[in-house]
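First comes the structure, then the notes that go with it.
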2 protein chains.
Amino acid sequence: MKQPERDPPGKPGAKRATVIDVARLAGVSAGTVSNAINGKRRVDPETRSRVDAAISALGYRPNMAARGIRTGRANTIALFSSMATGVAAGPSRLGFLMEIAAAAALAALERNVALVLVPPIPEPEAALRTVPLDGALLVEPARNDPFLPFLAARGIPTVSIGAAYGMVSAQVDLNYEATADLLIDHLLEMGARDFPLLIGTSARRYFEVFEARYRARAAQIGMVPQVLRIEERLGEAAAAQVMARHLLSRPGLDGVLAPVDALATGAMMALREARRAVPAEVRVVTRYDGLRARSEAPQLTAVDLHLDMVARHAAIALLELIEGRPVASIVPGPLPQIIVRGSSRPG
Amino acid sequence: MKQPERDPPGKPGAKRATVIDVARLAGVSAGTVSNAINGKRRVDPETRSRVDAAISALGYRPNMAARGIRTGRANTIALFSSMATGVAAGPSRLGFLMEIAAAAALAALERNVALVLVPPIPEPEAALRTVPLDGALLVEPARNDPFLPFLAARGIPTVSIGAAYGMVSAQVDLNYEATADLLIDHLLEMGARDFPLLIGTSARRYFEVFEARYRARAAQIGMVPQVLRIEERLGEAAAAQVMARHLLSRPGLDGVLAPVDALATGAMMALREARRAVPAEVRVVTRYDGLRARSEAPQLTAVDLHLDMVARHAAIALLELIEGRPVASIVPGPLPQIIVRGSSRPG
DNA sequence: AGTGCTTATGAAACCGGTTTCGGCGCCTTC
DNA sequence: GAAGGCGCCGAAACCGGTTTCATAAGCACT
């Protein structure tokens with residue numbers, strides 16, 4: 001049952017090399033090998049090079065479990081997603097998540113830390129009971145995110161991507177205000193004067209921010225604010241329905257502000273159904289520039305959130321936090337840039 | 001620098017409980033606590049319940065690092081992807097990968113094992129030097145997959161999703177033959193008699209299988225085989241170009257068999273450009289039923305590969321393997337089902 | 001030569017589990 | 001009633017690292 005990992009190079013029957021083996025070969029003690037590797041204590045350069053030689057001669061790799069028992073570190077961070085993975089909730093969120101996951105995993109791996117993926121699960125307590133985690137990344141957590149209490153109870157450092165509700169160690173700014181302004185200003189520039197805001201029903205910061213900016217601007221220009229809330233779980237189809245109904249009550253509608261891509265494509269469906277030309281009669285814009293926005297016809301104007309950079313910042317901040325180094329509670333993120341496409345561009 | 005994880009419930013100043021604490025409270029020895037937890041040795045039911053009581057009273061959670069040092073287990077498996085994550089390679093692959101990742105993570109988590117995500121990296125050796133892994137999942141590895149030698153060298157049990165090239169411990173069958181037949185038969189039923197096969201240039205089993213089945217059927221019905229190879233890295237745009245050129249040489253073309261969704265949508269672009277009606281004049285079918293296939297107009301006929309189930313099977317097989325239990329070298333996967341949509345359906 | 005300080009190192013304790021080994025009590029069996 | 005077997009358990013070794021503590025060597029200074 002015990003099967004210690006066998007390691008090259010060398011005889012196939014050999015167990016994996018340990019510090020002791022390295023120490024013996026280098027003619028030093030185990031403690032010195034440890035110090036040579038980790039640089040916690042000064043080691044004579046000459047000694048160090050003997051140790052290094054022994055390490056590569058034996059193909060030594062430290063046993064992380066043994067190390068972890070003293071350091072308390074597991075060298076793993078988790079990416080938590082409270083978004084439903086079901087197809088119903090839409091592969092669009094999966095795209096969003098995956099962009100972040102890939103970039104975060106890369107940044108972590110560069111520092112020899114592994115990223116573990118935690119999809120939404122009913123009982124995080126039970127499932128993660130035996131999973132050692134040094135820290136957690138949370139993607140746009142909802143106000144009542146089920147993972148937050150769990151992480152707080154375990155005392156796990158947590159960095160959120162996008163604003164959270166104060167329960168995290170740090171957050172990377174996704175610049176919700178700037179993003180909302182970018183899209184709203186663009187709609188206005190393109191001549192839209194009567195457009196609803198489509199958002200989800202869950203309590204997420206960016207919905208709140210979009211709504212606030214939308215209402216503020218609407219008041220400024222004397223537009224009747226129209227905030228349509230759609231249960232995200234129901235996705236595109238629900239958005240199409242709500243939009244279709246809304247079109248009846250506001251025939252003069254000339255734009256749509258739908259930060260969630262699935263809601264935007266839902267609106268597009270309704271507009272096609274109602275024979276409203278996009279962008280000639282109605283301009284449509286969304287936030288997340290995923291596959292969905294790009295495969296719509298016409299393609300949707302969206303925002304480049306630089307998710308890869310955001311994810312990288314978040315992972316790095318988290319690792320700093322884990323190392324015990326101070327990190328700003330709000331890490332500035334890259335500025336969003338609008339990508340104007342056919343759905344809002346005249347001609 | 002040392003900051004042992006503090007744990008509820010109890011005084012916030014308290015260190016996390018250990019087996020020793022549990023043993024003391026239950027009035028037994030540490031060894032007995034261990035055996036009560038892991039069930040390796042018989043423990044009197046009465047004793048066990050005392051231990052259980054002590055565990056929950058103290059909120060004890062075993063330290064996985066300490067456990068791992070003896071068991072040699074890290075309780076993590078990795079999902080390796082050799083697919084490029086860049087936008088160029090297409091978010092479609094991300095969707096494919098994410099579906100698998102989510103399902104595999106879930107299946108692993110149910111068994112208290114974490115799934116770590118390994119995006120393509122230049123030097124797996126270096127980056128994963130200190131990342132402990134019990135096993136690996138490989139998604140449709142190419143023949144010269146860079147991860148394979150690494151995994152073999154480390155002696156890490158590996159399960160591939162879809163056929164590999166014999167270098168893995170086990171593989172979950174994605175039923176390439178059945179999938180190819182499903183699509184080809186469907187094209188024929190829909191009256192197509194002159195259709196090319198669009199595949200990628202990399203050495204992947206499913207390209208080989210599709211090509212073999214395609215050629216076999218073409219020979220049967222007397223169709224001139226037309227195999228178009230497109231570098232996957234270049235994606236949709238390249239497919240559109242190749243397809244446009246091909247259309248000139250075969251004006252009578254009445255179908256397209258493009259297993260990769262990005263190649264299928266590329267072909268759709270070319271067809272639109274050339275003013276060929278789909279499905280009236282040309283039927284188009286693809287394999288992966290992702291966002292891409294569904295957001296095409298008309299929607300693409302595709303195959304439900306039951307990726308979630310495949311991923312689950314793969315994760316479970318891998319965990320069995322890790323436990324040392326025997327596993328079939330080819331685990332049967334769920335049968336693919338065709339999803340007929342507008343791109344190939346008459347009327 | 002003796003004292004004090006710094007630097008480099010080895011020996012041993014330690015981390016928190018698991019596993020081995022052997023002992024004890026109790027029940028059969030001859 | 002002694003021998004043997006079995007079920008249950010405690011003591012101690014063990015896993016492979018890190019960290020503490022003591023010491024030896026080297027050097028400067030008095």
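A quick note: this is a predicted structure, and the numbers were derived from the prediction, not measured. Residue numbering restarts at 1 for every chain, and letters A, B, ... go by the order of the sequence lines.
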Checklist entry - Taking five pairs at each end of the helix from C:dA1-D:dT30 to C:dC30-D:dG1, what angle separates the two helix axes (nearest 10°)? => result 50°
Give the table of side-chain donor-acceptor pairs shorter than 3.5 Å for residues 327-334 of chain A, with sequence neighbours excluded, one pair per line with atom names and distance.
none

Item to check | B:Asn35 side-chain N/O to C:dT19 phosphate OP1/OP2 under 4.0 Å | outcome: no
Item to check | Residue pairs, two or more places apart or on separate chains, that pass side-chain hydrogen bond (donor to acceptor under 3.5 Å, both in side chains) and touch residues 101-120 of chain B | outcome: B:Glu110-B:Arg312
Checklist outcome for this item: So salt bridge (charged side-chain N to carboxylate O under 4.0 Å, His left out) across residues 324-334 of chain A, not counting sequence neighbours, yields A:Glu320-A:Arg325
Checklist entry - How would you list, by chain and number, every residue that makes a side chain to side chain contact (heavy atoms under 4.5 Å, CB included) with B:Ala53, sequence neighbours excluded? => result none
Item to check | By side chain to side chain contact (heavy atoms under 4.5 Å, CB included) - contacts of B:Ala104 (at least two apart) | outcome: B:Leu115, B:Leu137, B:Ala311, B:Ala315
I'd like a table of donor-acceptor pairs (distance under 3.5 Å, sequence neighbours excluded) in which one partner is a side-chain atom from residues 24-38 of chain B, with atom names and distances.
from: B:Arg24; atom 1: NH2; to: B:Asp21; atom 2: OD1; distance (Å): 3.2
from: B:Ser29; atom 1: OG; to: B:Thr32; atom 2: N; distance (Å): 3.4
from: B:Ser29; atom 1: OG; to: B:Thr32; atom 2: OG1; distance (Å): 3.3
from: B:Asn35; atom 1: ND2; to: B:Gly31; atom 2: O; distance (Å): 3.1
from: B:Asn38; atom 1: ND2; to: B:Ser34; atom 2: O; distance (Å): 3.1

Next on the checklist: Within the 4.0 Å heavy-atom criterion, would you say B:Thr18 contacts the bases, only the backbone, or no part of the nucleic acid?
Outcome noted: sugar-phosphate
Pairs under 3.5 Å (N/O, protein and nucleotides 21-27 of chain D):
from: D:dC21; atom 1: N4; to: A:Arg41; atom 2: NH1; distance (Å): 3.0

Checklist entry - Can you list every pair that meets ring-ring contact (aromatic ring centres under 6.0 Å, His included) and has a residue in residues 138-164 of chain A, with sequence neighbours left out? => result A:Phe80-A:Phe147
Next on the checklist: I want to check one thing: is the phosphate of D:dC9, taken as OP1 and OP2, less than 4.0 Å away from some side-chain N or O of B:Ser29?
Outcome noted: no
For nucleotides 12-14 of chain D, tabulate all protein N/O to nucleotide N/O atom pairs closer than 3.5 Å, reporting atom names and distance.
from: D:dC14; atom 1: O2; to: B:Arg70; atom 2: NH1; distance (Å): 2.6

Next on the checklist: Suppose we screen for side chain to side chain contact (heavy atoms under 4.5 Å, CB included). Which residues come up paired with B:Leu148, at least two apart in sequence or across chains?
Outcome noted: B:Leu138, B:Asp145, B:Met167, B:Val168
Item to check | side chain to side chain contact (heavy atoms under 4.5 Å, CB included) against A:Glu46, all qualifying residues, sequence neighbours excluded | outcome: A:Asp44, A:Arg50
Checklist outcome for this item: The nucleotide from C:dG10, D:dC9, C:dG17 with an atom nearest the side chain of B:Thr32 is D:dC9
